[in-house]
Amino acid sequence: FPSHEGWREFIARKWVVSVVVAFTFINLAYESTLGVLGPLATKESGFGPREWSFMLAASTVGMIITGVALLRFTLSKPLVYGITPMIFMSAWIFSLTFSAHIVIPIAISFLAGVAIEIFYVAWSTSMQHNIPEESYSRVISYDALGSYALAPVGLIFIGPLAELIGTKNALYILAGLVLVATLSAL
């Protein structure tokens with residue numbers, strides 16, 4: 001059962017709540033793209049598992065390179081620097097609608113990986129520096145719960161939605177959702 005004290009610690013920090021709400025929708029879109037629409041769009045564009053795996057690898061390489069690079073830097077405004085690059089997540093989802101040019105979504109996937117890692121490092125740093133140690137585990141538990149709360153719902157409904165309105169239109173909706181959620185958290 002939820003801890004009342006943990007909940008109070010979580011909602012007392014508006015910056016935490018606003019980012020968690022934004023990531024509820026960002027993660028819904030990301031998981032729906034990663035698990036359903038991305039492979040579908042790649043196939044509908046005349047490509048297949050090889051190109052999809054290149055896209056996922058590009059994202060992972062972006063995360064790794066950025067993680068290593070960030071070992072050498074301190075972000076002066078971690079939340080601003082962490083959230084702003086998530087616009088590349090929106091751009092990556094949108095780029096999956098470019099059927100003839102698979103190189104574009106692969107390149108943007110790399111940038112999305114960079115964005116994910118910048119956010120993760122900035123968010124973790126912000127949480128560790130600003131949440132009291134005795135409340136930290138409860139606050140990050142609510143963070144994880146809220147950030148992924150709608151991801152399963154997205155996975156359930158995105159396939160039927162894509163069948164109803166088309167894969168590209170569903171991708172446009174998800175790209176717009178990520179963009180709005182990202183901008184709302186700034």
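No hydrogens, no waters, no symmetry mates; every other heavy atom, side chains included, goes into these values.
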Which class fits the ring pair Tyr30 and Trp92: parallel under 30°, tilted 30 to 60°, perpendicular over 60°? tilted
Set out, in order, the CA-CA distance, both residues' side-chain angles and the distance that settles side chain to side chain contact (heavy atoms under 4.5 Å, CB included) for Phe110 and Ile65, then state yes or no. CA-CA 10 Å; Phe110 173 83; Ile65 290 171; 4.1 Å; yes
Please give me the minimum heavy-atom distance between [X] and [Y], naming the atom from each residue.
| X | Y | answer |
| --- | --- | --- |
| Ala181 | Ile26 | CB-CG1, 3.8 Å |
| Leu96 | Gly38 | CD1-CA, 4.0 Å |
| Met63 | Glu117 | O-CG, 3.3 Å |
| Ser141 | Ser137 | OG-O, 2.8 Å |
| Ser184 | Ala22 | OG-CB, 4.4 Å |
| Asp143 | Phe10 | N-CE1, 4.0 Å |

Taking a hydrophobic cluster as the set of Ile, Leu, Val, Met, Phe, Trp and Tyr residues connected by side-chain heavy atoms closer than 4.5 Å, whether directly or through intermediates, do [X] and [Y] fall within one such cluster?
| X | Y | result |
| --- | --- | --- |
| Phe25 | Ile93 | yes |
| Ile11 | Val139 | yes |
| Ile173 | Leu34 | yes |
| Val180 | Val19 | no |
| Ile116 | Leu56 | yes |

Looking at [X] and [Y], would you say the former's side chain and the latter's main chain have a donor-acceptor pair under 3.5 Å?
| X | Y | result |
| --- | --- | --- |
| Glu51 | Gly48 | yes |
| Thr66 | Ile118 | no |
| Ser53 | Arg50 | yes |
| Arg138 | Glu134 | yes |
| Asn27 | Ala151 | no |
| Ser59 | Met55 | no |

Can you tell me how far [atom2] of [Y] sits from [atom1] of [X], rounded to the nearest 0.5 angstrom?
| X | Y | atom1 | atom2 | answer |
| --- | --- | --- | --- | --- |
| Ser95 | Ile108 | OG | CD1 | 4.0 Å |
| Leu171 | Leu177 | CG | CG | 12.5 Å |
| Leu40 | Glu163 | CG | CD | 8.5 Å |
| Ile83 | Met86 | CD1 | CE | 9.5 Å |
| Thr42 | Ile106 | OG1 | CD1 | 8.5 Å |
| Lys168 | Ser45 | NZ | OG | 6.0 Å |

Can you check side chain to side chain contact (heavy atoms under 4.5 Å, CB included) on Ile104 and His101, steps first, answer last? CA-CA 6 Å; Ile104 294 170; His101 306 287; 3.6 Å; yes
Ion pair check, Arg13 and Glu9, cut-off under 4.0 Å: yes
Glu133, CD atom: more than 12 neighbouring heavy atoms under 6.0 Å: no
More than 12 foreign heavy atoms under 6.0 Å from CZ of Phe98: is that the case here? yes
Are the aromatic rings of Phe23 and Phe119 close, with centres under 6.0 Å apart? yes
Centroid-centroid under 6.0 Å between Trp52 and Phe47 rings: no
Could you tell me whether the side chain of [Y] reaches within less than 4.5 Å of the side chain of [X], counting heavy atoms only?
| X | Y | value |
| --- | --- | --- |
| Leu79 | Trp123 | yes |
| Ile158 | Leu174 | yes |
| Leu186 | Thr84 | yes |
| Tyr172 | Thr97 | yes |

Check the side chains of Asn130 and Ser126 for a donor-acceptor pair under 3.5 angstrom, ignoring hydrogens and angles. no
Give a yes-or-no answer on whether the side chains of Glu44 and Thr167 include a donor-acceptor pair shorter than 3.5 Å. yes
Side chain to side chain contact (heavy atoms under 4.5 Å, CB included) between Met89 and Thr182, worked out: CA-CA 9 Å; Met89 179 67 64; Thr182 300; over 6 Å; no
Evaluation steps, side chain to side chain contact (heavy atoms under 4.5 Å, CB included), between Tyr81 and Ser76: CA-CA 8 Å; Tyr81 293 130; Ser76 59; 3.5 Å; yes
